[in-house]
Amino acid sequence: MLETALRFLVALTSEQVVVGLAITAAVVAVAVDWRLVLLALAVQYFLTSVLLNDYVLVQIAVTKVLVGGFCLLVLYRTGRRVQEAVDALTLPGSWVDREHEALPISAWFRVLALGMWTLGIVAFNARVQFNFLDHRLLSAAYWLGGFGVLAIMLTRNPLKTTAALLTFQNGFEVLFTALEPGLLLLGFLGTANILTALVGAYLTVVRNLPYLEPLQNVQSWDVLSLEPAEPARQEEETR
Amino acid sequence: MTPLEFLSLWTPVWLPLAMAPLVYLLRRFEIVAALLTAAVLLFSSVLFWTHPPPPATFLGRVLVLERAPRVLLIALGFWMAIGALYAARISQGWSLFPFWLLLFSLFNAAFMFQEFVMRVVILKIAWLGAILLVQSGTTASTRAATRLLIVAVIALPPLLAADLLATRIQADSSLLELAPLAGVGFGVGFSLLLAVVPFHAWLPQVAEDGPPLVAAWFVAAFGTAYLMLLVELVRAMPWLLIEGRGLDMLRAAGVLLIVGGGVLAFVETHLGRMWAYSVLVDTGYILLAIRFGPFIGMEAAWLAIIARFVALILSGAALATIRHRAMSLHLDELPGSASRVPLSFLGLLSGGLSFLGIPLSPGFPGHWIVLRQLFPVEARLGGALLLATLLGTLGYVRALNAGLQTAPPERLVTIEAEPISVTVLLLLLVIVASLIGLAPQVIAPLVRFIGMG
């Protein structure tokens with residue numbers, strides 16, 4: 001199945017890849033579930049690599065997937081850890097619901113914002129083009145950058161903010177990598193992306209410490225099945 | 001050049017990085033870690049002065065340490081060494097010492113490169129690392145750190161895209177019509193990183209949530225580094241000022257910062273945020289100074305930047321002591337604190353009023369040059385800026401008034417006096433700041449040294 005999916009992705013034309021990138025960025029912007037956001041980000045990294053493959057050396061394009069993979073690994077592990085800690089509290093609602101309470105934006109509002117933002121990006125894309133830049137790369141940059149900014153505005157969850165920032169950064173790098181394929185600079189940009197993911201993961205853990213702290217040894221996976229301490233439960237109920 | 005020669009000549013660059021793991025292991029012994037950190041930073045700074053690294057190439061890129069960045073790194077090394085000694089007594093987070101060494105190495109590396117893109121990307125990496133210092137293990141709020149993360153990522157693309165465009169325009173003058181676009185890119189990027197109103201929200205938040213000395217260091221290190229990049233950019237591509245609308249943008253940013261910072265400092269009820277708003281006023285004057293061009297303007301800008309370095313360490317240390325002793329920086333919780341930590345209040349006023357350019361403070365000469373240039377051509381604007389500065393000053397008067405109010409004895413007992421070492425350090429810094437304020441000509445040779453570069 002994976003092989004079929006890979007073949008399908010590689011066979012896509014540049015225009016189709018740009019549409020795919022726009023869809024993944026839109027999912028990052030409006031989705032609430034962190035797993036869906038990370039899945040969209042994973043597809044996005046792969047599509048970015050496929051798009052860049054036409055413009056730069058394949059090794060450089062593959063580097064994007066590797067950097068993205070590392071970022072996703074960090075974010076996924078963090079998200080899962082927090083999710084399981086929240087689940088271990090055995091209180092109604094999930095981590096997603098709790099984060100949603102911090103910035104209560106309805107699904108309708110998010111979809112409406114996405115629609116208006118899409119119109120804005122389409123208009124911008126039609127008007128602002130440069131002769132010395134490939135229009136497909138520029139379109140991809142506009143979609144990823146635009147929806148990345150929208151995603152940042154629609155969330156307060158550090159994990160989702162990080163995914164949004166990586167989407168925004170992806171948009172820029174699609175353009176920049178094709179224009180400035182210096183290895184040292186790309187290495188530094190990759191390092192900056194990984195650091196962004198690490199800092200985002202750290203902030204996610206810090207923000208969710210009320211869920212993680214009740215567990216006696218947060219370093220161990222085993223503790224996720226334990227009952228939380230009483231003071232933490234009371235604090236949770238007060239929240 | 002053999003690897004051994006390279007290592008010996010580039011000691012100030014790699015030494016802090018190499019010592020960071022050792023300092024990390026020693027972090028529980030705060031005095032030892034602080035002394036070691038301060039010694040490494042001072043040693044590196046002295047080496048930068050006496051034996052600057054020679055030009056070299058690395059993966060095809062030229063590495064040279066020019067005059068202005070060299071002065072910045074030396075000053076930053078001294079600043080951080082003093083800060084490390086201070087933090088040994090008033091803790092600013094357990095990870096401060098190893099991270100400072102690591103980040104100092106990153107700053108060194110950034111300014112070795114000549115290309116703008118390399119510098120901003122490495123500075124972004126340093127900024128991301130510094131976010132952990134701002135959070136410093138506290139769990140109360142992640143707002144400041146999240147905002148810093150967003151700013152770091154959002155600011156880079158406009159800067160790099162603008163540089164790419166500007167480089168093409170520099171090579172092909174037929175593209176000059178795109179200069180405003182490059183100007184906007186630089187404008188947005190620098191506005192985010194220098195906390196220009198309305199992109200300023202991250203700085204007051206860092207001053208509120210983060211350790212005060214770390215907030216001061218953030219401005220001293222990153223604020224100065226980005227101002228230096230801006231100055232070098234204007235010098236290398238002067239057409240950005242006219243065709244790129246740079247003059248208009250610098251003027252707008254300067255005015256917004258001074259007026260916004262002054263008004264917000266006046267109405268603020270949190271001492272840390274008030275401090276941050278007064279820093280914005282200072283940044284505004286520096287941007288206006290840069291606008292006045294390569295001679296008088298640059299002289300004023302460098303005067304203000306040097307004075308700001310002194311004011312930042314002084315006010316940052318004072319603010320940290322007040323927060324450590326009074327347990328809060330909210331004005332309504334400060335009564336009685338001025339009588340318990342008087343030297344800290346003196347330091348805060350001395351540093352804070354320097355950001356506002358009050359006469360006899362270190363910041364006055366730079367601000368005065370800007371106002372003297374401004375008044376003959378735009379008297380009303382000059383008056384508005386003076387008024388905003390006055391409002392900012394009144395904010396500090398309010399803070400002092402809050403600290404001088406009497407507090408119940410049971411509250412006074414909870415506020416401890418400053419430790420002896422902190423008292424000595426603050427006193428020395430107040431004396432240095434007063435000397436610069438009274439005789440600003442003592443820093444004139446340094447300004448000329450940077451200017452000649």
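This one's a predicted model, so the numbers in the text were calculated from it and none came from an experiment. Reminder, nothing fancy here: chain letters follow the sequence lines and each chain counts from 1. Side-chain atoms are counted along with the backbone in the values below, which use heavy atoms only and exclude waters and symmetry mates.
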Q) Are A/Leu195 and B/Lys124 close enough that some pair of their side-chain heavy atoms sits under 4.5 Å apart? A) no
Q. A/Ala192 and B/Leu128: which non-hydrogen atoms are nearest, and at how many Å?
A. O-CD1, 3.4 Å
(Q) If I measure from the heavy atoms of chain A, does B/Ala161 come under 4.5 Å with its side chain, its backbone, both, or neither? (A) both
Q) Are B/Arg168 and A/Leu179 close enough that some pair of their side-chain heavy atoms sits under 4.5 Å apart? A) yes
**Q.** Pairs of heavy atoms under 4.5 Å with chain A: top-ranked of B/Leu181, B/Thr146, B/Ile150, B/Ile131
**A.** B/Ile150
(Q) So for B/Ile122, is it side chain, backbone, both, or neither that comes closer than 4.5 Å to the heavy atoms of chain A? (A) side chain
Q: Search all heavy atoms of A/Thr162 against all heavy atoms of B/Leu149 and return the closest pair with its distance.
A: OG1-CD2, 4.2 Å
Q. How far does CG of A/Leu133 sit from CG of B/Leu165, to the nearest 0.5 angstrom?
A. 8.5 Å
Q) What part of A/Phe168 is in contact with chain B, defined as an atom under 4.5 angstrom from a non-hydrogen atom: side chain, backbone, both or neither? A) side chain
**Q.** Residue B/Leu148 versus chain A: region with a heavy atom under 4.5 Å
**A.** neither
Q.
Within this structure, what is the CG-CZ distance for the pair B/Leu164 and A/Phe176, rounded to the nearest 0.5 Å?
A. 5.5 Å
Q: Name the region of B/Arg61, side chain, backbone, both or neither, that has any atom closer than 4.5 Å to a heavy atom of chain A.
A: side chain
**Q.** From A/Phe172 atom CZ to B/Ile154 atom CD1, the distance as rounded to the nearest 0.5 Å
**A.** 12.5 Å
Q) Heavy-atom distance under 4.5 Å to chain A: side chain of B/Leu178, backbone, both or neither? A) side chain
Q) Above 12 or not: heavy atoms from other molecules or residues under 6.0 Å from CZ of B/Arg245? A) no
Q) What part of A/Thr196 lies closer than 4.5 angstrom to a heavy atom of chain B: side chain, backbone, both or neither? A) both
Q: Measure the spacing between CG of A/Leu189 and CD1 of B/Ile125 and express it to the nearest 0.5 Å.
A: 8.0 Å
Q: Look at B/Val121, B/Leu156, B/Val117 and state which one has the largest set of heavy-atom pairs under 4.5 Å with chain A.
A: B/Val121
